Amino acid sequence: MTYEEIREQAARAVSELLETAKLEKGDIFVIGCSSSEIKGARIGKDSDINAAKAVYDGVMPILSEKGIYLAAQCCEHLNRAVIVEKEALLPGTEIVNVVPQMHAGGSFAMTVYENAKHPVAVEEIKADAGMDIGDTLIGMQLKKVAVPVRISVKEIGCAHVTCARTRPK
């Protein structure tokens with residue numbers, strides 16, 4: 001699996017999910033991403049910054065074009081905190097003082113942090129849709145009610161992909 005193939009799979013996956021989710025400008029799209037799982041290793045055991053960058057390079061242009069904010073869920077070492085652009089937050093949202101690292105936050109969260117204009121970390125977010133790459137369990141970051149979305153992309157690299165949109169209660 002090449003990094004270009006990972007980028008293409010990620011772009012196709014986010015495009016298909018957005019087609020179903022009908023997100024609007026200003027909405028939040030959360031991604032949990034295990035670069036280890038993308039490579040075929042066990043989650044958290046073989047992080048690959050280049051695989052993370054390939055996913056980022058695949059999804060970010062598509063989200064940016066639509067004015068949708070990307071939120072990156074960190075790994076369990078940071079209690080699944082979320083990296084997001086500060087302007088995406090609702091007034092009064094409490095920011096936590098952390099910068100993701102390779103083995104404390106993860107390579108995808110690091111990549112999002114490094115490429116954001118004004119990155120911040122928060123304990124949780126209420127995203128409008130999301131993609132879980134490698135079974136990272138993003139459900140806690142989605143608004144209620146989460147609705148599974150089936151797309152044609154079942155894996156990015158070797159990592160299982162699960163997608164969801166949300167709807168009002």
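As a basis for the values below, the full set of heavy atoms in this structure was taken, side chains included, without hydrogen atoms, waters or symmetry mates. Counting from 1, the numbers follow the sequence of the chain as shown. On a predicted model such as this, the values are computed, not experimentally measured, just so you know.
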Discussion item. Do Ile68 and Ile62 have side chains that approach each other closer than 4.5 Å (heavy atoms only, starting at C-beta)?
Written reply: no
Discussion item. Suppose we screen for side-chain contact (heavy atoms from CB on, under 4.5 Å). Which residues come up paired with Glu24, at least two apart in sequence or across chains?
Written reply: Asp27
Worksheet, complete the sentence: The side-chain contact (heavy atoms from CB on, under 4.5 Å) partners of Asn115 (sequence neighbours excluded) come to Tyr56, Thr111
Discussion item. For a 4.5 angstrom cut-off between non-hydrogen side-chain atoms, does Phe29 reach Leu17?
Written reply: yes
For residues 74-84, dump all side-chain donor-acceptor pairs below 3.5 Å to protein atoms at least two apart in sequence or in another chain.
none

Worksheet item: Hey, which of Leu23, Ile28, Ile125 is the one that makes side-chain contact (heavy atoms from CB on, under 4.5 Å) with Tyr69?
Response: Ile28
Fill in: Residues that Glu65 engages under side-chain hydrogen bond (donor to acceptor under 3.5 Å, both in side chains), provided they are two or more places apart
none
Discussion item. If you define the side chain from C-beta out and look only at heavy atoms, does anything of Val145 sit under 4.5 Å from Thr166?
Written reply: no
Fill in: Residue pairs fulfilling salt bridge (charged side-chain N to carboxylate O under 4.0 Å, His left out) with at least one residue in residues 28-41, sequence neighbours excluded
Lys39-Asp46, Lys39-Asp48
Worksheet, complete the sentence: For Ala146, the side-chain contact (heavy atoms from CB on, under 4.5 Å) test, sequence neighbours excluded, returns Leu142
Item to complete: Under the side-chain hydrogen bond (donor to acceptor under 3.5 Å, both in side chains) rule, collect the residues that match up with Ser36, sequence neighbours excluded.
Response: none
Worksheet item: Only one of Ile156, Val55, Thr162, Val153 forms a side-chain contact (heavy atoms from CB on, under 4.5 Å) with Met131, so which one is it?
Response: Ile156
Under 3.5 Å, sequence neighbours excluded: what are the donor-acceptor pairs made by side chains of residues 90-107?
| residue | atom | partner | partner atom | Å |
| --- | --- | --- | --- | --- |
| Thr93 | OG1 | Leu90 | O | 2.7 |
| Gln101 | NE2 | Val99 | O | 3.3 |
| Ser107 | OG | Ser35 | OG | 2.8 |

Practice prompt. Among residues two or more places apart or on two chains, list those pairs meeting salt bridge (charged side-chain N to carboxylate O under 4.0 Å, His left out) that have a residue in residues 148-169.
Written response: none
Worksheet item: To the nearest 0.5 Å, what is the distance between NZ (Lys126) and CE (Met140)?
Response: 8.5 Å
Worksheet item: Sequence neighbours excluded, which residues qualify as side-chain hydrogen bond (donor to acceptor under 3.5 Å, both in side chains) partners of Lys143?
Response: Asp128
Discussion item. Among Val161, Ile138, Val30, which residue satisfies the side-chain contact (heavy atoms from CB on, under 4.5 Å) criterion with Asp132?
Written reply: Ile138
Discussion item. If hydrophobic clusters are built by linking Ile, Leu, Val, Met, Phe, Trp and Tyr wherever their side-chain heavy atoms come under 4.5 Å apart, do Met60 and Val14 end up in the same one?
Written reply: yes
Worksheet item: Who are the side-chain hydrogen bond (donor to acceptor under 3.5 Å, both in side chains) partners of Ser34, not counting sequence neighbours?
Response: none
Worksheet item: Going by the salt bridge (charged side-chain N to carboxylate O under 4.0 Å, His left out) test, which pairs reach into residues 4-20, not counting sequence neighbours?
Response: Glu4-Arg7
Item to complete: Compare all side-chain heavy atoms of Met1 with those of Ile6 and state whether any distance is below 4.5 angstrom.
Response: yes
